[in-house]
Asker: 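Questions regarding the structure given below will be posed in turn.
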Amino acid sequence: MKNRINLQKVWTVFIEKKIDNIISKIKKSYEHDETAAHIQKYPLPSKESIIKILKDLFDIIYPGYFIDEELNLSNVGYFLGHKLSNILENLSREIAASFRHEHKIDTNQCELCDESLEKGIESTLDLLNCIPDIRRMLILDIKAGYNGDPAAKSFNEIVFSYPGLHAITVHRIAHNLFVKKIPLLPRIMSEYSHSITGIDIHPGAKICENFFIDHGTGVVIGETCEIGNNVKIYQGVTLGALSFPKDKKGALLKGGKRHPTIEDNVTIYSGATILGGQTVIGKNSIIGGNVWITNSIPANSKVTLADVEKTIIVKKINN
Amino acid sequence: MKNRINLQKVWTVFIEKKIDNIISKIKKSYEHDETAAHIQKYPLPSKESIIKILKDLFDIIYPGYFIDEELNLSNVGYFLGHKLSNILENLSREIAASFRHEHKIDTNQCELCDESLEKGIESTLDLLNCIPDIRRMLILDIKAGYNGDPAAKSFNEIVFSYPGLHAITVHRIAHNLFVKKIPLLPRIMSEYSHSITGIDIHPGAKICENFFIDHGTGVVIGETCEIGNNVKIYQGVTLGALSFPKDKKGALLKGGKRHPTIEDNVTIYSGATILGGQTVIGKNSIIGGNVWITNSIPANSKVTLADVEKTIIVKKINN
Amino acid sequence: MKNRINLQKVWTVFIEKKIDNIISKIKKSYEHDETAAHIQKYPLPSKESIIKILKDLFDIIYPGYFIDEELNLSNVGYFLGHKLSNILENLSREIAASFRHEHKIDTNQCELCDESLEKGIESTLDLLNCIPDIRRMLILDIKAGYNGDPAAKSFNEIVFSYPGLHAITVHRIAHNLFVKKIPLLPRIMSEYSHSITGIDIHPGAKICENFFIDHGTGVVIGETCEIGNNVKIYQGVTLGALSFPKDKKGALLKGGKRHPTIEDNVTIYSGATILGGQTVIGKNSIIGGNVWITNSIPANSKVTLADVEKTIIVKKINN
């Protein structure tokens, strides 16, 4: 045992020097770094806090599902008051932080602080005001799921466990903040849901009523997609960009419609890829699995893989 | 500073009124909502508690892997007693809640309460009794993984880190509850694993011994699939439904075999799609990557993409 | 109420016996199990602790992004000292545990204990020394993301929310430990990121500078891949093995180059599958979506699906 303790002592002195040396090197690597270090700068929003806010919003949107207490008509008002105050305080602060950071506003200058906070409070109140309408749309999404999946046994099963509902719930919240041009937060929210569900919906996408994604892993819906009513999408579907225009220096041009438009009553089966900002899938169309589409499809079309029986070869295995 | 405080005071009064107004609107949106609100109703199971129960089951099924304490022959009995009591109490309660909710049983009527709880205790004891057999099957699954993946360095690596083992472990638990017709819980469990692994196995699927999913992201295995012994599946494979029969009113018919049967010793490579309740992949067959299959394949077949070299065009890029 | 209490009492006695019986059966199932039980053995690393270490490493690599405190030039040294000491202690211990387990070293034999711990401390110090270089590479990866995605609004957005950056950050850490031949830990780390991002990069893969994965769900990069500079990969891309050589007894041969080489400046679009250890994608090539490649592609090639317009059939739906 003695030997071991001595050995450790030697290590300790040796290690302290090593650590000091590593600290200096890492500190040096932070200097002049505007890409991955955020030291002595305008405050950033907190990812942890944003995820907590999303959970509070789920508690309000789906009351009684994700909390331990039982809700009844006498306590539901207090429950809402408590949750809404929390969200107002926390989301206002995070929105303010994202504006201050975006516009490099020094938090010691109080007037400007308050303007950011005011914006935060305004945007949050507006989001909270929209909750009844967001709930109305999500109830339609739940019903679309129930009517679209023979394996769905009840509405409750969809609220509790369908990843597609998680993704569209977060999207309807994140999109509300995205159209208000709030930086960072909408993407942090959408990527949180992407991480939980495998469904990647950019908060910029416009998605109408009765939307249902089944299974969902691998679905990608790009920033400038427009999706009509009663659209059903299966796992692995990409609604993506075809090519990225560049400026004279060869840098990507940001903005512009790069992703497809899906009209009302379209179903898109698993693994289909639909690309391009000019591509329109006409209403009532059915897009078969694994197809690759880069041009518009007229309304009332059924698109399938050609000569399916010829795409594979079946051979006998000789043992 | 004074200016700022006054500003905040103004906001506070203004905000209180706004919040009160929002509370009223959201409360109103809860009224008569049978889809997404659960107020003053029969209790629901708790998703958080179900995830905790799954973690306790992992601790028992893989003893020594996911806990901080060291297990030895003298303390393992206490460890099991402690874990099993927890699971019995918590899972019985969740199963009872799911039955009460399903059958709209008022929890103030004690006799009926106890019947649900009795069902919960019975079902839980039956699951716990099956743990040795579930472990026997999972040990075979681990060995199938080790023998099927050249990158697997040890059994421990598979227990610790393979998403396919996580998914099949949760599935063998959830399926045990599914066949007992317990509502909600099996799907909450399977979607928890889907969220962790990207592998979506419906708890209804029947899966035999020596099952291995490698990588796994995007795998979908439908409710009425039947999978034999020694089956190996890669990422992005869909075992899905071909079409959904509808009743006279156009509503989906729930139930019926909609998903394929995979016989013994079949390997299915990445991205393959196999659809339809009448589709049978015969034993010893090898299904190549990205193929699309909607008809049965005879035993001992090798299915590959046709004319692979002709499916792509290789052009020189001129700069 | 009385009736209910009595009922519970009856259950309690009945249940105790049942539980005792289950404990015996499960204990018996642990006996002689070398696959899924770890009782009275050499200690295992802790998955929970490894995830905590990864989070500490993220805090150092991206200072100011994921912590609540604000960092400035006067406190950043203390911050680093605190985090680095934690990592040194915890990671050294986990590495030591993985060596002891690998070599079945009894922790009561102190000399050998210390050798494992020494290895742990050495490997950890080496990793920490590499952080400035890892940061340098990750800054290039962030810039590659910003320059490669028109939807990316800022570097911060990428640090906060891009799953591709999470995956490559964990990979650059895990690969550092993999090349030191540390058992178990690298794979536990990479599977943690796989679970968060849907991106499965084996810690053995060699990945050079300016690497960008967009969306990412379903990406698989195998153990023996080699990836050059300025490579961009989209969701659902597989860089996998073509076939697994077996020994005379039919068991898989572990080791050997089984996965492709991707040279500099290659872009691989969504859903492409590239297989085989001898397959080389030559520099400056563009690999189109959904293609299937099992042979080398010369430099400066553009590979696309052949006759795309003929791969689908568009029919009018008659109502």
Side-chain angles (χ1 to χ4, degrees), chain A residues 1 4 7 11 15 18-19 22-23 25-30 33-41 43-44 46-47 101 183-184 187-188 191 194-195 198 200 202 217-218 220 222-223 236 238 240-241 244 251-255 258 273 284 286 291-294 297 300-306, chain C residues 60-66 68 70-73 76-77 80-81 84-85 88 110 114 121 125 128-129 131-132 135-136 138-139 142-143 147-148 150-151 153-157 159-163 196-198 215 217-218 235-236 270-271 289-290 305 308 310-317 319:
Chain A
M1 275 305 273
R4 190 189 173 197
L7 211 70
W11 271 104
I15 285 167
K18 289 260 187 186
I19 288 280
I22 293 170
I23 291 177
K25 281 170 63 183
I26 297 182
K27 268 178 81 169
K28 206 172 153 57
S29 94
Y30 290 168
D33 170 16
E34 300 281 332
T35 308
H38 194 85
I39 294 166
Q40 208 149 34
K41 286 193 183 165
L44 277 170
S46 155
K47 188 173 177 175
H101 179 266
L184 288 171
R187 281 288 278 151
I188 292 175
E191 278 302 330
H194 183 194
S195 154
D200 180 356
H202 194 286
T217 310
V220 173
E223 180 180 9
T238 292
F244 304 149
L252 286 186
L253 284 171
K254 308 259 168 178
R258 307 182 305 279
T273 303
N284 309 320
I286 297 169
V291 302
W292 178 267
I293 293 173
T294 56
I297 297 292
N300 304 302
S301 298
K302 182 171 184 171
V303 181
T304 51
L305 287 173
Chain C
I60 289 178
I61 290 172
Y62 303 114
Y65 283 88
F66 299 111
D68 264 347
E70 264 179 56
L71 294 182
N72 53 52
L73 295 179
V76 72
L80 280 171
L84 290 168
S85 310
L88 182 63
C110 266
D114 283 336
I121 293 171
L125 283 173
L128 297 177
N129 255 314
I131 285 183
R135 288 194 78 243
R136 187 188 59 76
L138 290 170
I139 287 169
I142 294 168
K143 288 178 177 167
N147 294 328
K153 306 283 188 290
S154 67
F155 295 152
N156 289 324
E157 188 178 311
V159 175
F160 266 127
S161 62
Y162 273 50
I196 299 288
T197 64
H215 308 297
T217 310
Q235 71 270 19
S270 67
N290 280 17
L305 286 174
V308 167
K310 291 185 194 159
T311 62
I312 59 170
I313 294 174
V314 182
K315 279 189 189 164
K316 184 91 181 164
I317 300 175
N319 292 317

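So you know, we letter chains A, B, ... as the sequences are listed, proteins then strands, and number each from 1. It should be emphasised that the depicted structure is a prediction, and the values quoted were computed from it without experimental measurement.
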Asker: Please rank A:Lys18, A:His101, A:Lys28 by heavy-atom pairs under 4.5 Å with chain C and give me the top one.
Answerer: A:His101

Asker: Is the shortest heavy-atom distance from the side chain of C:Lys316 to the side chain of A:Lys302 under 4.5 Å?
Answerer: no

Asker: Against chain C, label A:Leu184 side chain, backbone, both or neither, depending on which of its atoms sit under 4.5 Å from a heavy atom there.
Answerer: side chain

Asker: Suppose we screen for side-chain contact (heavy atoms from CB on, under 4.5 Å). Which residues come up paired with A:Ala241, at least two apart in sequence or across chains?
Answerer: A:Phe244, A:Arg258, A:His259

Asker: Flag the pair A:Val220 / C:Thr217 as yes when at least one side-chain heavy-atom distance between them is below 4.5 Å, and no otherwise.
Answerer: no

Asker: If you count heavy-atom pairs under 4.5 Å between each of C:Asn129, C:Leu128, C:Leu73, C:Ile60 and chain A, which one has the most?
Answerer: C:Asn129

Asker: Do you know which of C:Ile61, C:Ile142, C:Thr197 has the most heavy-atom pairs under 4.5 Å to chain A?
Answerer: C:Ile142

Asker: When you compare the side chain of C:Arg136 with that of C:Leu138, does any pair of heavy atoms fall below 4.5 Å?
Answerer: no

Asker: Could you tell me which portion of C:Val159 (side chain, backbone, both or neither) has an atom closer than 4.5 angstrom to a non-hydrogen atom of chain A?
Answerer: side chain

Asker: Quick check for you: among C:Tyr162, C:Tyr65, C:Phe155, which has the greatest number of heavy-atom pairs under 4.5 Å with chain A?
Answerer: C:Tyr65

Asker: Passes side chain to side chain contact (heavy atoms under 4.5 Å, CB included), A:Val291 versus C:Thr311? Steps please.
Answerer: CA-CA 8 Å; A:Val291 302; C:Thr311 62; over 6 Å; no

Asker: Is any side-chain heavy atom of A:Tyr30 less than 4.5 Å from a side-chain heavy atom of C:Leu80?
Answerer: yes

Asker: Between A:Leu44, A:Thr35, A:Val303, which shows the greatest number of heavy-atom pairs under 4.5 Å with chain C?
Answerer: A:Thr35

Asker: Ring centres of A:His194 and C:His215 under 6.0 Å apart?
Answerer: no

Asker: Under a 4.5 Å heavy-atom cut-off, does chain C meet the side chain of A:Thr304, its backbone, both or neither?
Answerer: both

Asker: Look at C:Ser161, C:Ala151, C:Pro150 and state which one has the largest set of heavy-atom pairs under 4.5 Å with chain A.
Answerer: C:Pro150

Asker: Can you tell which of A:Ile293, A:Ile22, A:Thr294, A:Ile188 has the highest number of heavy-atom pairs within less than 4.5 Å of chain C?
Answerer: A:Ile22

Asker: One pair to check against side chain to side chain contact (heavy atoms under 4.5 Å, CB included): C:Ile317 and A:Ile286. What are the steps and the verdict?
Answerer: CA-CA 9 Å; C:Ile317 300 175; A:Ile286 297 169; 4.0 Å; yes

Asker: Is there side-chain contact between C:Asn72 and C:Val76, with at least one heavy-atom pair below 4.5 Å?
Answerer: no

Asker: Is A:Leu305 close to chain C through its backbone or its side chain, or both, or neither, when contacts mean heavy atoms under 4.5 Å?
Answerer: both

Asker: Less than 4.5 Å to any heavy atom of chain C: does that hold for the side chain of A:Thr273, its backbone, both, or neither?
Answerer: side chain

Asker: At a heavy-atom distance under 4.5 Å, which candidate from C:Lys153, C:Lys315, C:Lys143, C:Arg135 has the highest pair count against chain A?
Answerer: C:Arg135

